[in-house]
Amino acid sequence: MSVIKATNKLVTVQNQQLAQLIEAIGKVVLGKEAQTRLAIACLLARGHLLIEDLPGMGKTTLAQVIARVFGLEFQRVQFTSDLLPADILGSNIFERSQGKFVFHPGPIYAQLVLADEVNRATPKTQSALLEAMEEHQVTIEGETRPLPTPFFVIATQNPAHQIGTYPLPESQLDRFLLRVELGYPQQEFEKTLLKGSDRRDLLEDIEPVMSRRELLALQGQVKKVTVSDTLVEYVMDMVQKTRDSAHFVHGLSPRGAIALIRAAKAWALLHDRSFVVPEDVQQVFEAVSLHRLQSAGHSQTSSQEQIRSLLETTRVPD
Amino acid sequence: MKNYWRRKFHLWIDQRLVSSHEVVLKQKNIYILPSVYGFLMAAIVILVLIAATNYQNNLAFLTGFVLISIGFLSMFYTFRNLAGLVLNAGGCSPVFAGETASFIVSLSSVKPLGHYSVGVGTSKAALHYFDMEPGTEYRVEVPQATTKRGWLTFSRVLCASRFPFGTFRVFSWQKLDARCLVYPRPIQPDDAVLARVGQGEGDSRERPGVEDYWGHRGYRPGDSKRQIDWKAYAKEQGLHSREFVESAGSSWMFRLDDFAHVDRELALSWLCYLVVHAERSNQVYGLELTGIRIDQGRGDEHLARCLQALALHP
Amino acid sequence: MRGYQARDFQASPVTGDPLLSLDRPGVIPALLLSQLVVLLPLLFYLPSWISFTVCAVLMWRLLAARQVLPLPPRWLLVLLTLAAATAVFLYFGTISGREAGVSLVAIMFSLKLLEARHYRDALLIISVSFFVMVTGFLFNQSWLMGAYLLAAVFVILACLVVVNSLRGLTGLKSMMQMSGTVLLLAIPLMMVLFVFFPRLPGPLWRLPTGQSAGSGISDQIAPGDIASLHLSDEVAFRVSFDDGAPPGNGQYWRGLVMTDFDGLAWRPGRDEAVISAPPVVAGEGLVNYEVTLEPHRQRWLFLLEKPLTGPPAARRYGDLTWQTLRPVREKLKYRASSINSLVTDPAISPGELERNLALPGSGNDRARNWARDLRSRHDNDQELVEEILSTINREEFYYTLQPPVLEEDIIDSFWFGSRRGFCEHYASALAFLVRAAGIPARLVAGYQGGEYNPYGDYWIFRQSDAHAWTEVYLAGKGWRRVDPTAAIAPFRVEQDLLTDQNRRDHWLDDMIGGQDLLELPEGVWQKLRLSLDTIDAYWDRWVLSFDNETQNGLLRALGFEQPDLRLLIWLMCGGFLLVLGVAGIGLFRRRPEGDAIARSYRVFCRKLAKSGFEKQLAEGPADFVRRVIAERPELAGRIVPVNRLYIRLRYQTEAARPEDIRRLREQVRQLNL
């Protein structure tokens with residue numbers, strides 16, 4: 001078709017490759033295909049992922065398996081209330097042997113950082129992490145050190161009502177491109193989970209499916225994905241709906257709208273397409289907007305239901 | 001006779017109209033009548049048809065018929081030009097009695113079509129005409145004469161148009177929910193009266209004034225614009241007010257009771273004049289009416305407070 | 001004290017009623033234009049000094065609008081008006097006739113703009129302009145004039161929009177769009193009114209008619225007078241045959257018969273007896289036809305040779321011609337029939353015999369002698385006539401449209417002198433010679449030939465088809481047509497005539513035995529002419545001659561047995577309101593949104609909806625088609641490519657190419673579920 005030739009010079013994720021990724025992850029994380037796809041899209045879009053759920057739902061496992069399939073260097077930081085910024089970022093320590101201060105990098109110097117239970121740390125520590133995520137570099141005592149590429153943070157968070165937590169403020173939540181919930185596994189998968197071998201053993205068997213170089217190339221392609229005027233109109237309609245809705249304190253900010261398009265682009269690329277269609281936007285909309293929209297708290301329905309009804313009432317342009 | 005029917009129509013309209021902040025013109029509230037020109041055209045058409053019949057001239061018939069058809073269609077077109085127009089009552093700045101109050105009406109459209117040569121006003125003779133392109137808004141000041149102080153409610157507002165062919169006149173009477181505060185008419189009292197006006201009470205401490213420069217302080221809303229240190233503002237140092245002090249002698253306390261001997265309205269007009277005059281000459285003044293006391297002060301807000309009290313005094 | 005800022009307003013509103021002023025841009029030019037548009041057709045029919053005056057007045061107003069000239073003061077206007085009225089009266093001697101009245105209207109109308117200062121003046125000018133337009137139809141009712149009417153209404157409406165616009169002429173396009181759509185919507189309404197508006201059978205009162213004389217065949221033939229014959233393309237009448245034209249190219253259409261010859265001119269006989277019953281015995285080859293006769297301001301009608309029946313409203317004469325009671329001033333449509341093998345009573349009354357043998361007392365002696373000599377050689381009448389024809393063929397007789405003027409004894413000078421002429425010369429010479437030989441003869445004027453219009457399936461007879469021929473009475477056989485012009489040797493027909501588009505006599509075709517030697521190449525010009533004539537014919541049939549009777553006929557065809565006034569009014573109002581309602585729905589309907597791609601996609605969705613798949617509001621195009629295929633997998637082959645193309649056009653490319661958009665439309669159109 002002549003139409004495609006004009007623009008299609010993009011390297012997209014071939015269907016086969018995606019299937020391999022999903023399959024590899026699916027061996028370890030059972031029955032969470034949708035979340036897996038979103039996590040990969042998030043990685044492609046160079047965003048960071050927030051996983052929100054109760055402990056023991058397999059958040060850590062998901063992070064680990066993603067690190068493995070992409071062959072990424074993995075670090076895990078358990079956030080606690082006494083964790084200090086330096087514990088994450090690293091610090092200059094006087095080396096007596098050399099007679100000078102030597103920088104000891106913290107766990108953030110990894111390609112994939114799992115910030116476990118990020119809401120248990122104090123706001124100060126949280127913001128140190130989030131700043132590093134945003135700026136992709138760390139500045140300690142006037143010296144700026146870049147973080148590795150790719151750099152992908154998966155933060156996990158327990159729902160806010162648990163005791164002894166510091167819920168992330170709205171402005172910080174915005175730094176995460178997507179937010180997913182894992183939820184309880186379906187019955188059949190749970191059975192397998194209980195019967196089968198330890199997840200950690202399985203993890204050892206996973207071979208990388210995609211090289212780091214391939215991943216970086218794909219990340220570079222995301223911004224080349226075409227977004228037509230019609231699609232922008234659709235996104236704007238949808239964003240406007242969140243602003244008009246009485247259910248939310250504020251609607252999506254312009255930054256939120258940009259995030260929506262970025263996530264949709266990654267989703268399109270992930271599905272072997274060089275342009276975004278409304279379906280892409282619909283698929284990522286909940287993950288993009290749920291943590292950005294604060295419920296006004298007077299409505300009977302949950303924010304999730306609100307977002308879904310909003311999706312159902314936004315007309316797809318002809 | 002014509003006036004009789006017009007009055008009847010307005011009475012009926014008044015009963016029908018419910019005042020609201022926003023109205024959309026639609027079938028229910030738009031009236032359409034042939035214009036004088038419409039009748040003229042009808043006469044011409046009849047003439048043409050008679051001539052056509054008499055000369056057995058089918059082209060003349062066709063002319064007559066095309067004119068009749070256009071006449072009927074023009075009804076739609078004229079109606080469409082007004083339908084979908086949205087009238088919104090805007091604010092109205094307070095005025096002194098005798099001045100003309102200007103009610104702001106903002107107009108927009110619920111349709112993607114423009115509205116052309118539409119007039120808005122309080123009567124047929126005082127229409128403000130405008131063109132409104134599709135997707136734009138328009139604001140019109142509708143003047144209304146004021147006679148006495150107090151709240152002036154926005155009278156009926158007329159929307160009318162003859163566009164595009166002039167054969168029909170569409171119009172709509174609406175009542176918009178808006179009111180305007182009318183201050184008493186300021187009347188200068190004569191000197192004998194001025195002598196009665198009470199000076200500030202025996203308060204000897206220095207009070208803000210205009211005579212002597214005292215110092216700077218941060219701008220507070222309500223400070224007179226004359227107090228603002230514009231030089232500092234120009235240097236981007238922020239808004240500061242210069243403070244002045246004046247001796248207690250030039251501060252005023254105006255009391256309605258001082259003019260108990262004259263007509264209430266006249267007294268209020270005098271007070272109005274005094275208040276405005278005091279503000280203009282940068283003096284400190286207060287106002288005491290029956291049951292209301294406004295402490296001495298100065299600035300636009302203070303003046304507005306005083307004038308409102310005067311306007312709404314029972 | 002006023003809290004708002006001036007920048008809150010887009011533009012300061014115009015106070016008062018600015019619409020009442022004519023100073024808005026473009027208003028005066030618009031009024032001038034609407035005047036010019038309606039006066040233009042009149043200028044061709046009015047005396048030139050009136051046209052000149054009208055143009056001068058309009059020019060004055062234009063210059064005044066450009067502030068080159070001042071507007072005239074009121075006293076001057078009054079003076080001008082009176083002067084114009086007087087001039088018209090002096091010129092025409094009346095102010096009530098058609099030309100005089102229209103002249104006066106035209107001048108007054110143009111002067112009106114000079115004093116127009118007010119909105120109401122403008123509206124008066126515009127409404128009167130429609131009336132002035134109608135006066136033009138008193139002179140010309142052709143279809144071109146009908147087309148001009150629509151164009152004029154379009155222009156005047158656009159001018160009316162300008163007059164009613166706050167800022168005068170702002171966008172030419174939008175004003176033209178406005179007037180164009182109104183006009184388009186008005187046309188069907190107009191047609192409803194035209195068909196059902198109750199018509200009266202006759203005029204309300206009689207009006208004085210115009211003085212101009214009709215052209216074409218006149219009531220006398222004087223061959224000597226004519227120095228040159230100008231062929232006119234004007235249509236004389238049109239004929240449509242019920243069952244096709246009779247075979248042969250030489251249709252002779254009889255108009256009137258001339259028996260009286262005074263030496264110079266032939267004239268119809270004085271007192272023809274009216275025959276009420278046709279003297280027909282029997283016959284074969286009946287031809288029925290309908291003639292649409294252009295007004296010729298004479299009473300005679302044209303019927304195909306050997307006529308059997310004519311229109312009932314006309315009188316039939318013994319020489320087989322028909323005449324109406326009053327001159328034909330409007331287009332006349334009549335039915336008639338002719339019969340090829342008409343057998344008439346061969347008997348001839350003594351009076352008729354005498355009249356058809358009569359010759360002037362003296363003159364043309366050589367011709368008389370020549371005829372007498374011929375008589376002595378031929379006993380048989382038919383042989384005698386044939387001898388004359390062969391003389392024409394043998395000797396140096398020429399056919400020309402520029403014959404020399406003949407004086408004194410015109411037959412002698414033609415027959416023995418110039419020997420150049422056209423049908424009238426030959427026909428009258430033959431008749432004279434035959435009569436001189438003692439055989440009754442007469443002249444017939446009519447039309448011959450005609451042109452077939454294949455687009456409209458009818459024949460056109462133009463003024464250039466006018467013809468004259470001779471009829472000779474043969475004892476025992478009755479009257480026989482003899483066309484001497486046909487006897488001229490082909491090579492003696494002037495060459496320019498052979499190449500002339502406007503061939504006068506189609507007898508040439510007959511003479512050379514149907515050979516197409518003279519057939520003109522089928523040119524574009526001719527086709528165009530025929531197409532235009534078709535329009536003309538349809539215009540005549542459906543517009544100009546639409547009257548009370550046509551209306552009743554149409555109603556009967558629609559199944560209304562007893563069409564009366566009440567029915568007409570019901571039909572008119574009902575039809576009008578119905579069409580008006582449709583127009584209104586169209587006007588108030590929401591416009592379809594979106595571009596060509598969206599429109600094509602909507603058609604696609606509608607087609608799927610018919611198969612039971614309604615696209616959900618928030619459903620993406622790929623999801624939608626996936627849902628359809630899940631239920632009806634067999635559709636995949638047809639709908640997936642279309643959908644894929646749509647998605648690519650909509651979402652992949654920034655600017656879709658026109659050919660791709662066309663392809664999408666085509667694919668959607670061809671989609672058959």
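The chains referred to below are lettered A, B, ... by the order of the sequence lines, with proteins before strands, and numbering in each begins at 1. Note that the structure is predicted; figures quoted are calculated from it, not measured.
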Sort C:Thr181 into side chain, backbone, both or neither according to what part of it lies under 4.5 angstrom from a heavy atom of chain B.
both
Quick one: which of B:Phe76, B:Tyr116, B:Phe79 has the most heavy-atom pairs under 4.5 Å with chain C, could you say?
B:Phe76
How far does CG of C:Leu22 sit from CG of C:Leu31, to the nearest 0.5 angstrom?
6.5 Å
Proximity breakdown for B:Leu67 and chain C, heavy-atom pairs closer than 4.5 Å
side chain
Interface check, chain B: of C:Leu157, C:Val192, C:Val128, C:Ile126, most non-hydrogen pairs under 4.5 Å belong to C:Leu157
Contacting moiety of C:Ser142, where chain B heavy atoms sit under 4.5 Å
backbone
Could you check whether atom OH of C:Tyr538 has more than 12 heavy atoms from other residues, nucleotides or ligands sitting under 6.0 Å from it?
no
Please flag which part of C:Ile187 lies under 4.5 Å from any non-hydrogen atom of chain B: side chain, backbone, both or neither.
neither
Six-ring centre of B:Phe96, B:Arg149 cation under 6.0 angstrom, axis tolerance 45°:
no
Find the distance between CG (B:Leu303) and CG (B:Leu307) and round it off to the nearest 0.5 Å.
4.5 Å
So which part of C:Trp539 gets closer than 4.5 Å to some heavy atom of chain B, the side chain, the backbone, both or neither?
side chain
I would like to know whether B:Tyr138 and B:His115 meet ring-ring contact (aromatic ring centres under 6.0 Å, His included); could you show each step before the answer?
CA-CA 11 Å; B:Tyr138 203 86; B:His115 302 270; over 10 Å; no
So which residue, B:Leu47, B:Leu62, B:Val48, B:Leu49, ends up with the most heavy-atom pairs under 4.5 Å with chain C?
B:Leu62
Most chain C-contacting option - heavy-atom pairs closer than 4.5 Å, from B:Ile68, B:Val120, B:Val45:
B:Ile68
Contact class of C:Val153 relative to chain B, heavy atoms under 4.5 angstrom:
side chain
Part of C:Leu149 within contact of chain B (heavy atom distance under 4.5 Å)
side chain
What part of C:Val162 gets within 4.5 angstrom of chain B, counting heavy atoms only: side chain, backbone, both, or neither?
neither
Assess the side chains of B:Asn81 and B:Ser161: does a donor N or O sit below 3.5 Å from an acceptor N or O?
yes
Can the ring centroids of C:Phe546 and C:Phe194 be said to lie less than 6.0 angstrom from one another?
yes
Okay, side chain of B:Glu279, backbone of B:Arg298: is any donor-acceptor separation there less than 3.5 Å?
no
